[in-house]
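Every chain is numbered from 1, with letters handed out A, B, ... down the list of sequences.
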Amino acid sequence: MRSDFNQKVWSALKLIPRGRVATYKEIARFIGNFKAARAVGQACGRNSKAPRVPCHRVVKSDGSLGGYSGGVNKKIYLLKQEGLKIVKSKIENFKKKKFEFI
DNA sequence: ATAAGGGCACCGC
DNA sequence: CGCGGTGCCCTTA
């Protein structure tokens, strides 16, 4: 619904370069509501807009993939395709792969 | 306007 | 290290 929040989320998502990942919390913080990590995730998956943002590049703060509207395995697949490695449902070298906004 | 749900984060056990 | 409970926020019905 093009709420400011949603739009900001998508903008942040689009800023994530290929092969990098961001956390919901980071995004939330980037937007200004660093407590809205949850809302961020929904904004991504629910994005009412057609150009689906790379929501698969967003993961949980602990490095786990979190969830995905189309299925977690799909998310894993996409991430792997971008050069990321998934081990035990978690991102290898997550700290290094994490893209920092701000 | 209220209620419920949801791709989280953090803390305690 | 895994599980459960709590807190915070946003969207939709």
Self-check item: Length of the OH-P vector between Y24(A) and dC10(C), whole Å
Solution: 17 Å
Quiz item: Who are the side chain to side chain donor-acceptor pair (under 3.5 Å) partners of D62(A), not counting sequence neighbours?
Solution: S64(A)
Exercise. Sort and list the pairs that fulfil ring pair (Phe, Tyr, Trp, His ring centres under 6.0 Å) and have at least one residue in residues 15-38 of chain A, not counting sequence neighbours.
Key: F30(A)-F101(A)
Every protein N/O within reach of nucleotides 1-7 of chain C N/O, cut-off under 3.5 Å:
residue	atom	partner	partner atom	Å
dG7(C)	O6	R38(A)	NH1	3.1

Quiz prompt | Pairs touching residues 78-87 of chain A that satisfy salt bridge (Lys or Arg N to Asp or Glu O under 4.0 Å), sequence neighbours left out | solution = R57(A)-E82(A)
Exercise. On DNA chain B, reading 5' to 3', which nucleotide is the first and which the last to sit with an atom under 4.0 Å from a heavy atom of chain A, could you check?
Key: dG5(B) to dC10(B)
Quiz item: Can you check whether G70(A)'s main-chain N or O pairs, donor with acceptor, with K75(A)'s side chain at less than 3.5 Å?
Solution: no
Exercise. Would you kindly give the CD1-to-P distance between I31(A) and dT11(C), to the nearest whole Å?
Key: 10 Å
Exercise. Provide the full list of salt bridge (Lys or Arg N to Asp or Glu O under 4.0 Å) pairs with a residue in residues 20-37 of chain A, sequence neighbours left out, each pair given once.
Key: E26(A)-R29(A)
Quiz prompt | Residue-phosphate contact under 4.0 Å: N6(A) side-chain N/O, dC10(C) OP1/OP2 | solution = no
Exercise. For F5(A) and dT11(C), give me the distance from atom CZ to atom P, rounded to whole Å.
Key: 7 Å
Self-check item: Pair assignment for DNA chain C - dot-bracket with | for other-strand partners, Watson-Crick or G-U under 3.5 Å
Solution: .||||||.|||||
Self-check item: Same apolar cluster (I L V M F W Y, side chains within < 4.5 Å links), L15(A)/L13(A)
Solution: yes
Exercise. Looking at every strand, decide which applies to S61(A) at a 4.0 Å heavy-atom threshold: base, sugar-phosphate, or nothing.
Key: sugar-phosphate
Quiz item: K8(A) has an atom NZ; how far is it from atom P of dC10(C), in whole Å?
Solution: 10 Å
Quiz prompt | With sequence neighbours excluded, residues passing salt bridge (charged side-chain N to carboxylate O under 4.0 Å, His left out) with R38(A) | solution = none
Quiz item: Can you list the residues that meet the side chain to side chain contact (heavy atoms under 4.5 Å, CB included) rule with A28(A), with sequence neighbours excluded?
Solution: V40(A)
Quiz item: Among pairs that include at least one residue of residues 89-99 of chain A, which meet salt bridge (Lys or Arg N to Asp or Glu O under 4.0 Å), considering only residues two or more places apart or in two chains?
Solution: none
